[in-house]
Colleague: 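Below is a structure I'd like to ask you about.
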Amino acid sequence: MLSAHAFLAYLVVGVPALAALAGGIVYWRRRVAGRWLPHLLALAQTLLVAQVGLGLLLLSDDRRAADDLHYAYGSLALAAILAPWMYAPAEGRRRLLWFAGTSLLAAALAVRAMMTGS
């Protein structure tokens with residue numbers, strides 16, 4: 001399970017960063033999001049939720065991270081990527097910017113979580 005958590009960590013950094021980049025490009029080019037971008041944003045959220053779930057399973061098995069900041073960064077990344085569901089405006093382009101921006105923030109926090117995890 002630890003190796004799955006470590007492998008998923010790279011996806012949790014890469015997919016939200018890619019989603020943020022794609023969302024930023026669509027926003028600044030004033031294009032329509034299309035069908036693939038919402039799926040990419042949802043995949044980023046799903047991967048982060050799965051990563052936190054695996055982390056909680058590891059924690060319940062008495063496998064702790066070397067630094068307690070690992071848990072703070074992981075929790076903040078999860079909160080960041082889920083925040084637009086509550087706070088993003090209803091208007092489509094601004095909502096997309098919220099989802100893309102928080103995906104970038106979650107990717108950055110996931111990088112910090114990786115740095116404090118081992």
Side-chain angles (χ1 to χ4, degrees):
M1 196 172 346
L2 187 58
S3 60
H5 189 66
F7 172 74
L8 197 55
Y10 292 103
L11 292 176
V12 165
V13 171
V15 172
L18 179 65
L21 178 67
I25 289 171
V26 167
Y27 178 81
W28 275 287
R29 289 181 131 189
R30 299 182 188 273
R31 306 273 187 208
V32 177
R35 293 177 58 194
W36 56 272
L37 185 56
H39 292 294
L40 187 60
L41 289 165
L43 177 63
Q45 293 169 355
T46 304
L47 287 172
L48 204 87
V49 168
Q51 180 73 329
V52 169
L54 276 175
L56 289 173
L57 286 173
L58 287 169
L59 192 59
S60 71
D61 198 26
D62 287 333
R63 295 185 179 181
R64 299 191 58 84
D67 191 351
D68 286 342
L69 276 176
H70 181 75
Y71 308 115
Y73 286 124
S75 300
L76 288 172
L78 180 64
I81 207 159
L82 296 178
W85 288 106
M86 293 175 280
Y87 300 113
E91 192 266 316
R93 291 195 68 236
R94 290 182 54 214
R95 189 170 182 81
L96 171 64
L97 187 62
W98 268 72
F99 274 93
T102 56
S103 292
L104 182 62
L105 177 61
L109 289 166
V111 168
R112 287 296 299 154
M114 282 179 66
M115 293 171 70
T116 58
S118 44

Colleague: Transitively linked via ILVMFWY side-chain contacts under 4.5 Å: Val15 with Leu37?
Modeller: yes
Colleague: Are the side chain of Asp61 and the backbone of Arg63 linked by a donor-acceptor contact shorter than 3.5 Å?
Modeller: no
Colleague: For a quick test of reading the model, state the closest non-hydrogen atom pair linking Thr102 to Pro84 and the distance between them.
Modeller: OG1-CG, 3.1 Å
Colleague: Is the side chain of Arg94 donor-acceptor paired with the backbone N or O of Ala88 at a distance under 3.5 Å, no angle test?
Modeller: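 It does not hold such a pair.
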Colleague: Decide yes or no for Arg93 and Arg30: does some side-chain heavy atom of the first lie under 4.5 Å from some side-chain heavy atom of the second?
Modeller: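 A side-chain contact under 4.5 Å exists here.
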Colleague: Taking atom OH of Tyr27 and atom CZ of Arg95, what is their separation to the nearest 0.5 Å?
Modeller: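 One finds 14.5 Å between OH of Tyr27 and CZ of Arg95.
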Colleague: Looking only at heavy atoms, what is the nearest atom pair of Val26 and Leu96, with distance?
Modeller: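 Heavy atoms of Val26 and Leu96 come nearest at CG1-CD2, 3.7 Å.
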Colleague: Under 30°, 30 to 60°, or over 60°: which ring-plane class applies to Phe99 and Trp85, parallel, tilted or perpendicular?
Modeller: perpendicular
Colleague: Which heavy atom of Ala77 sits nearest to which heavy atom of Ala110, and what is that distance?
Modeller: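 Of all heavy-atom pairs spanning Ala77 and Ala110, the closest is CB-N, 4.3 Å.
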Colleague: With rounding to the nearest 0.5 angstrom, report the CG to CD1 distance, Leu76 to Ile81.
Modeller: 13.0 Å
Colleague: Would you compute the distance between atom CD of Glu91 and atom CG of Leu97 and round it to the nearest 0.5 angstrom?
Modeller: 10.0 Å
Colleague: Got a donor-acceptor contact below 3.5 angstrom from the Tyr73 side chain to the Gly117 backbone?
Modeller: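 Checked: no pair found.
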Colleague: Do you know the tightest heavy-atom contact between Ala107 and Ala17?
Modeller: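 Smallest heavy-atom distance, with atoms named: CB-N, 3.9 Å.
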Colleague: So how far is it from Gln45 CD to Leu40 CG, rounded to the nearest 0.5 Å?
Modeller: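 With rounding to 0.5 Å, CD (Gln45) is 10.5 Å from CG (Leu40).
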Colleague: With heavy-atom distances below 4.5 Å as the criterion, would you say the side chains of Leu56 and Tyr71 are in contact?
Modeller: no
Colleague: Would a 4.5 Å heavy-atom cut-off, applied to side chains only, mark Val111 and Met115 as touching?
Modeller: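 Touching, per the 4.5 Å side-chain cut-off.
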Colleague: Do you reckon Leu105 sits in the same ILVMFWY cluster as Leu78, going by side-chain contacts under 4.5 Å, direct or chained?
Modeller: no
Colleague: Enter the distance from Leu109:CG to Leu104:CG here, rounded to the nearest 0.5 Å.
Modeller: 9.5 Å
Colleague: Give me the atom names and distance for the closest heavy-atom approach of Ala113 to Gly74.
Modeller: CB-N, 4.1 Å
Colleague: If Ile, Leu, Val, Met, Phe, Trp and Tyr residues are connected whenever their side-chain heavy atoms lie under 4.5 Å apart, and connections chain through other members, are Leu43 and Trp98 in the same group?
Modeller: no
Colleague: With the 4.5 Å side-chain cut-off for hydrophobic clustering, are Leu57 and Val52 part of the same group?
Modeller: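 Linked, Leu57 and Val52 end up in one cluster.
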Colleague: Search all heavy atoms of Ser103 against all heavy atoms of Leu41 and return the closest pair with its distance.
Modeller: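 Shortest heavy-atom separation between Ser103 and Leu41 comes out as OG-CD2, 3.5 Å.
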Colleague: State plainly whether one hydrophobic cluster holds both Met114 and Val49, where clusters connect Ile, Leu, Val, Met, Phe, Trp and Tyr through side-chain heavy atoms under 4.5 angstrom apart.
Modeller: no
